[in-house]
2 protein chains.
Amino acid sequence: MAVTIKDVAKIANVAPSTVSRVIANSPRISERTKEKVREAMKELGYHPNFNARSLANKSTKTLGLIMPNSATKTFQNPFFPEVIRGISTKAHQLEYGLYLSTGQSDDEIFEEVQDMVQGKRVDGIILLYSKVNDKVMNYLYNEKFPFSVIGRPYDVEMKEITYVNNDNFKAAKTVTEYLLLLGHERIAFIGGNLETVVTLDHMEGYKKALTNAGIEPKKEYVVFHEELQEGGQEAVIDLMSLSERPTALIVADDIMTFGVMRMLSEMEVRVPDDISIISFNNVMISELSSPPMTTVDINIFSLGYEAANCLIEKILNPETKPKHVIIPHKMIKRQTCQRIVKRLTKQ
Amino acid sequence: MAVTIKDVAKIANVAPSTVSRVIANSPRISERTKEKVREAMKELGYHPNFNARSLANKSTKTLGLIMPNSATKTFQNPFFPEVIRGISTKAHQLEYGLYLSTGQSDDEIFEEVQDMVQGKRVDGIILLYSKVNDKVMNYLYNEKFPFSVIGRPYDVEMKEITYVNNDNFKAAKTVTEYLLLLGHERIAFIGGNLETVVTLDHMEGYKKALTNAGIEPKKEYVVFHEELQEGGQEAVIDLMSLSERPTALIVADDIMTFGVMRMLSEMEVRVPDDISIISFNNVMISELSSPPMTTVDINIFSLGYEAANCLIEKILNPETKPKHVIIPHKMIKRQTCQRIVKRLTKQ
DNA sequence: TTGAAAGCGCTAACAC
DNA sequence: GTGTTAGCGCTTTCAA
């Protein structure tokens with residue numbers, strides 16, 4: 001049997017409650033007894049039992065992380081390790097642990113979240129994705145359970161939710177404007193999952209920039225694909241089959257861009273000579289594409305770090321008003337965008 | 001206050017212990033009362049309290065995952081999401097939860113592991129890395145705490161440890177032989193962290209194949225770099241500065257290969273015409289390099305899945321003998337290897 | 001087949 | 001400052 005608080009108490013010649021107070025570093029305990037108790041703890045190699053503590057405390061000091069359902073390969077995006085690294089860093093500073101969801105389907109995940117919440121397994125929850133009409137988010141909201149979202153809630157009345165996001169609308173708009181300035185007019189947009197809020201925001205920004213420039217967004221120039229790698233490749237096929245090929249591509253995700261570039265090179269379409277590309281995220285490997293891709297750095301680490309920060313704040317002080325943190329983004333110009341060269345364009 | 005077993009008991013008109021038995025689905029309870037109790041549970045929206053349960057039970061139904069210290073960027077390797085997906089899948093099947101380490105340094109991680117173990121926060125632990133002389137592994141071993149390792153222990157006397165690994169020696173040997181057969185003789189090896197067991201195994205396999213072929217392994221042809229991206233790039237600089245440039249490269253990790261290829265293309269060294277490359281892992285994006293890389297698929301998902309499997313087995317039955325699972329690997333030929341073309345080689 | 005009661009290891013209210 | 005004691009919500013003997 002493991003060593004308990006009682007064992008320590010006996011050795012140190014004090015009451016169990018005193019030991020408990022020493023653990024909590026209560027100021028009402030004399031330095032002398034603290035010393036005595038700490039010695040006893042060290043001597044016995046005492047470590048507090050988490051479950052007992054949580055039970056008595058009603059606090060687990062752990063955060064639940066909810067991933068998108070891992071049945072899809074979404075999870076393989078290097079985006080996730082990086083957000084988690086951000087979350088982990090903050091959590092670790094404040095001595096919180098991390099508990100991971102394992103559900104494969106939306107229903108399973110919902111079940112899991114319920115268990116976590118009602119079973120008091122975690123003190124708060126971070127949603128690592130944000131999609132429209134999310135059952136989990138609604139549940140958490142109704143239960144008034146502390147949580148924060150990476151991305152943003154889609155439904156307007158939900159402004160009472162704490163979230164950490166980029167200004168994805170603006171980012172997409174800027175990026176489109178940039179291509180416009182480079183002389184491109186036939187700009188296509190390759191988006192991810194249409195149920196994802198970020199995709200929607202990107203698309204809005206893209207369209208806004210076009211209409212501002214007096215260009216009517218064309219339906220054929222907007223395609224969506226769920227799967228990251230194959231998606232990028234299929235999108236290219238769709239787009240390159242058009243009679244009027246786009247001269248520039250805005251791609252929702254760097255990994256997708258790898259697929260896009262792969263397929264393009266197979267078709268012997270040169271980047272950026274024949275077509276310009278710009279994408280989002282700036283994950284670690286982005287700079288390693290050939291040529292290195294121009295992309296928008298969304299500061300993934302900070303997204304995670306802040307999400308953890310806001311959440312813990314809310315846990316510690318339930319009165320905290322909902323916060324909306326916008327992490328700044330930054331265009332990273334590398335080598336996949338080029339001023340358009342006018343040549344045998346039919347018209 | 002949340003709904004407890006007592007509330008359910010009251011509504012169902014039974015004793016709390018009966019409710020507990022229904023939860024455990026004890027065969028000694030009549031179907032009639034089971035029904036009654038289940039109805040009451042549903043009516044109240046009852047979910048058992050994890051901490052109370054773990055405390056009474058001495059079982060948490062959760063596995064601890066220990067990552068390499070995330071201070072380094074190691075963690076960004078898409079390898080990790082994929083192992084975790086494997087672990088997660090198995091864990092989920094058997095209704096285990098996942099608890100993540102957050103430590104940034106080796107010392108912090110060691111502390112954390114101690115807390116997890118002694119604090120009964122998890123029932124078992126999976127080490128997601130394996131390095132030489134690992135303090136954590138030694139601790140776990142001495143405590144006789146259930147754990148499994150992805151990779152393998154380095155010290156021989158530790159054959160009593162359960163691990164899931166590839167035959168990395170063989171893989172590296174085969175790969176080297178393959179290049180030899182393609183006519184290459186100046187084959188370089190770009191390894192990762194030298195404290196990592198897999199790196200060591202790779203190197204042994206590489207050397208073995210060379211000496212078997214009567215080629216003396218050259219010191220200058222073996223370089224190591226910790227950082228994945230920059231590492232690959234620096235390695236290329238080192239190697240390409242040699243008076244006798246290698247004609248083929250064996251790279252420890254696909255992500256590193258991206259860096260390698262990037263730098264090569266900057267130097268206008270063509271792959272595979274001027275130099276062949278083969279690497280390890282076959283992570284998701286590997287097929288998206290330009291040209292797509294030849295690599296060894298190590299079945300990352302299975303590594304995780306089996307590690308979880310073995311661990312849970314051991315938790316459920318502590319008498320289980322240590323297991324050593326070898327996950328098969330498979331060379332995926334794509335477009336970065338070519339038969340060598342003899343030309344103005346100085347000699 | 002079910003109930004009563006003790007106890008898992010810790011915290012916190014209340015005493016002194 | 002420190003001890004006593006009553007739980008936290010569940011499981012598990014032991015009785016019936």
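Naming convention: chains lettered A, B, ... in sequence-line order (proteins, then strands); numbering from 1 in each chain. Any value given below was found using the heavy atoms of this structure, including those in side chains, with hydrogens, waters and symmetry copies removed.
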> Should the pair A:Lys36-A:Glu39 be classified as a salt bridge under the 4.0 Å nitrogen-to-oxygen rule?
Replying inline: no

>> Less than 4.0 angstrom between a side-chain N/O of A:Lys58 and OP1 or OP2 of D:dG9, yes or no?
In response: yes

>> Between B:Lys120 and B:Asp115, does any side-chain N to carboxylate O distance fall below 4.0 Å?
In response: no

>> Under 4.0 Å, heavy atom to any atom of DNA chain C: which of residues 25-37 of chain A qualify?
In response: none

>> Whole angstroms only, please: what is the CD1-P distance between A:Ile23 and C:dG9?
In response: 13 Å

>> Taking side-chain hydrogen bond (donor to acceptor under 3.5 Å, both in side chains) as the definition, give me every residue that meets it alongside B:Thr62, ordered by chain and number, with sequence neighbours left out.
In response: none

>> Just N and O in the side chain of A:Arg53: are any of them under 4.0 Å from OP1 or OP2 of C:dG9?
In response: no

> Expressed in angstrom and rounded to an integer, what is the separation of B:Asp115 atom CG from C:dC10 atom P?
Replying inline: 13 Å

>> Without decimals, in angstroms, what is the distance between B:Ile5 CD1 and D:dG9 P?
In response: 11 Å

> Within less than 4.0 Å of OP1 or OP2 of D:dT12, is there a side-chain N or O belonging to B:Asn57?
Replying inline: yes

> So which heavy atom on A:Pro16 is nearest to which on A:Ile5, and how close?
Replying inline: O-CD1, 3.9 Å

> Rounded to whole angstroms, how far apart are NE2 on A:His47 and C1' on C:dC10?
Replying inline: 16 Å

>> Mind checking if B:Phe50 touches a base, just sugar-phosphate, or nothing, with heavy atoms under 4.0 Å?
In response: nothing

Can you give the donor-acceptor pairs under 3.5 Å from side chains of residues 17-28 of chain B to other protein atoms, not counting sequence neighbours?
from, atom 1, to, atom 2, distance (Å)
B:Asn25, OD1, B:Lys34, NZ, 2.8
B:Asn25, OD1, B:Arg38, NH2, 3.4
B:Ser26, OG, B:Arg28, N, 3.1

>> At 4.0 Å (heavy atoms only), tell me whether A:Val14 reaches a base, stays on the sugar-phosphate, or touches nothing.
In response: sugar-phosphate

> What integer distance in Å separates A:Asn13:CG from D:dG1:C1'?
Replying inline: 16 Å

>> Taking salt bridge (charged side-chain N to carboxylate O under 4.0 Å, His left out) as the definition, give me every residue that meets it alongside B:Arg152, ordered by chain and number, with sequence neighbours left out.
In response: B:Asp201

>> Let me test you: for the helix from C:dT1-D:dA16 to C:dC16-D:dG1, what is the angle between the axes at its two ends (five pairs each), rounded to 10 degrees?
In response: 40°

> Looking at residues at least two apart in the chain, or sitting in another chain, which of them share a salt bridge (charged side-chain N to carboxylate O under 4.0 Å, His left out) with B:Glu313?
Replying inline: B:Lys323

> Reckon A:Thr4 has a side-chain N or O less than 4.0 Å from the OP1 or OP2 of C:dG9?
Replying inline: no

> Rounded to the Å, how far apart are A:Asn51 CG and C:dG9 P?
Replying inline: 11 Å

> Which residue pairs pass the ring pair (Phe, Tyr, Trp, His ring centres under 6.0 Å) test when at least one of the two sits in residues 10-69 of chain A, sequence neighbours left out?
Replying inline: none

>> From CZ of B:Arg121 over to P of C:dC10, roughly how many Å is that when rounded to an integer?
In response: 14 Å

> Any ring pair (Phe, Tyr, Trp, His ring centres under 6.0 Å) pairs touching residues 95-138 of chain B, not counting sequence neighbours?
Replying inline: B:Phe110-B:Tyr139

> What integer distance in Å separates B:Leu55:CG from C:dC8:C1'?
Replying inline: 4 Å

>> According to salt bridge (charged side-chain N to carboxylate O under 4.0 Å, His left out), who are the partners of B:Glu306, at least two apart in sequence or on a separate chain?
In response: none

Can you check nucleotides 4-7 of chain D for protein contacts, nitrogen or oxygen pairs under 3.5 Å, and list what you find?
from, atom 1, to, atom 2, distance (Å)
D:dT4, O4, A:Ser17, OG, 3.1

>> Going by salt bridge (charged side-chain N to carboxylate O under 4.0 Å, His left out), name the residues that satisfy it together with A:Lys61, two or more places apart in sequence or in a different chain.
In response: none

> Which pairs count as salt bridge (Lys or Arg N to Asp or Glu O under 4.0 Å) when at least one residue sits in residues 41-57 of chain B, sequence neighbours excluded?
Replying inline: none

